[in-house]
Amino acid sequence: MSAPPAQTLQRLREQHLYRSRLTLDNATGVEAVISGQRYITFCSNDYLGLANHPELIRALQTAAADYGVGSGASHLVTGHKTPHHALEEELATFTRRPRALLFSTGYMANIGAITALAGRGDTVFEDRLNHASLIDAGQLSGATLKRYQHADAASLERLLRGHPGDTRLIASDGVFSMDGDLAPLPALVRSARQHNAILMIDDAHGLGVLGATGGGICEHYGVSVDDVPLLIGTLGKAFGTFGAFVAGSENLIDLLIQKARTYIYTTALPPAVAAATRASLRLVQTESWRRERLQTLIARFQHGAAQLGLPVSASSTPIQPLIMGDAQSTLHAAEHLRENGILITAIRPPTVPADTARLRITLSAAHSDEQIDLLLEKLHDAIRAALPDQAVGDTRKQAGST
Ligand SMILES: *Cc1c(COP(=O)(O)O)cnc(C)c1O
């Protein structure tokens with residue numbers, strides 16, 4: 001029996017790990033309105049600025065008029081509607097895979113896929129920094145769960161050699177959600193082939209963002225469809241809507257329809273949301289300027305951070321972590337930023353490993369150059385305030401004089 005709730009809560013507060021929510025009064029975008037105050041936000045996953053796009057809103061409204069709000073049942077009963085089906089076909093084409101299957105959330109897609117494919121006697125290999133839903137899925141599956149060193153194919157290789165099993169599944173984030181770095185995909189593909197393991201990539205943060213047509217990490221590295229037989233995408237991030245999907249072979253998808261418990265035993269997502277996602281998928285594919293804009297802003301941010309001596313990780317994705325270490329300083333910096341009109345949430349354990357609390361900065365194609373510059377300036381001030389003993393920012397003068 002764990003401690004009583006009041007005691008647990010008290011301990012979380014003492015450890016600076018207590019979490020609380022903000023209530024925003026406006027639509028998702030680069031600004032947030034909270035209790036009448038305006039903030040510029042750098043913490044949403046709406047990377048392409050599509051969550052509040054008029055075409056998505058129109059598609060949602062039109063479909064709601066035709067299909068109502070709730071889907072009324074699970075997909076296998078009567079919840080599977082024309083917009084869901086059309087979206088699945090379009091997602092299959094988009095990912096160049098035979099078939100795609102919608103799930104209500106990415107969390108559920110991962111739980112459903114892994115528990116359907118692996119069980120007792122099998123082994124699931126996961127990157128240490130995989131998203132919580134992949135780790136939970138590995139544990140729930142009943143398979144032996146082996147975690148390899150982050151983005152380290154040699155570490156994976158050692159584990160694969162040591163654990164022969166009936167089914168071997170390798171699961172990795174494509175873009176790591178808290179670090180913004182990429183999985184070493186070509187090396188993972190080689191290991192999977194060599195050891196006859198199934199490779200599953202959860203590209204929640206890569207789809208829409210990476211690759212010339214937004215095809216994600218697979219398009220970025222030019223790996224073939226056969227190299228990644230199991231691809232997970234989420235729709236609440238770059239696509240700006242809600243839901244998730246698994247893309248793969250005809251048989252794999254058919255198996256998930258039969259076996260994935262988080263597919264079978266839950267209500268289908270609202271058909272109007274699927275209709276809005278169809279509109280979003282069109283924009284993701286056709287408006288490549290959004291990806292280009294994002295890359296320009298990422299470069300601007302990285303360059304500015306280097307000039308100011310900000311300890312920002314080298315990341316080529318819209319996820320730009322600034323690792324501060326302890327939870328208290330991170331909270332302090334987030335607070336300082338907020339007082340200066342900038343909203344960035346402090347990410348603390350257990351979301352990230354101990355002593356790697358961080359400001360997880362995310363950029364959107366909808367941010368302006370001026371907003372990035374303001375962010376840099378305010379970050380500099382906030383870090384100086386939160387970590388007064390460190391030499392952060394001392395390179396500012398040097399940068400100007402060299
Ligand atoms: C956000 C995320 C998920 C969960 O997706 P939801 O649709 O929000 O449940 C899964 N995997 C990764 C890597 C994510 O970043």
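Just follow the structure's listing: the first ligand is 1, and inside any ligand the first atom is 1.
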Closer than 4.0 angstrom, basic N to acidic O: yes or no for [X] and [Y]?
X    : Y    : result
E88  : R99  : no
R293 : D369 : yes
E126 : R147 : no
R360 : D179 : no

Table please: side-chain donor-acceptor pairs of residues 330-340 below 3.5 Å, with sequence neighbours left out.
{"from": "T330", "atom 1": "OG1", "to": "D326", "atom 2": "O", "distance (Å)": "2.8"}
{"from": "N340", "atom 1": "ND2", "to": "H336", "atom 2": "O", "distance (Å)": "2.9"}

Extract all N/O-N/O pairs under 3.5 Å that connect ligand 1 to the protein, and present each with both atom names and the distance rounded to 0.1 Å.
{"from": "ligand 1", "atom 1": "7 (O)", "to": "G106", "atom 2": "N", "distance (Å)": "2.7"}
{"from": "ligand 1", "atom 1": "9 (O)", "to": "G106", "atom 2": "N", "distance (Å)": "3.1"}
{"from": "ligand 1", "atom 1": "9 (O)", "to": "Y107", "atom 2": "N", "distance (Å)": "3.0"}
{"from": "ligand 1", "atom 1": "11 (N)", "to": "D202", "atom 2": "OD2", "distance (Å)": "2.5"}
{"from": "ligand 1", "atom 1": "15 (O)", "to": "H205", "atom 2": "NE2", "distance (Å)": "2.5"}
{"from": "ligand 1", "atom 1": "15 (O)", "to": "K237", "atom 2": "NZ", "distance (Å)": "2.7"}

Under 30°, 30 to 60°, or over 60°: which ring-plane class applies to Y263 and H75, parallel, tilted or perpendicular?
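Y263 and H75: parallel rings.
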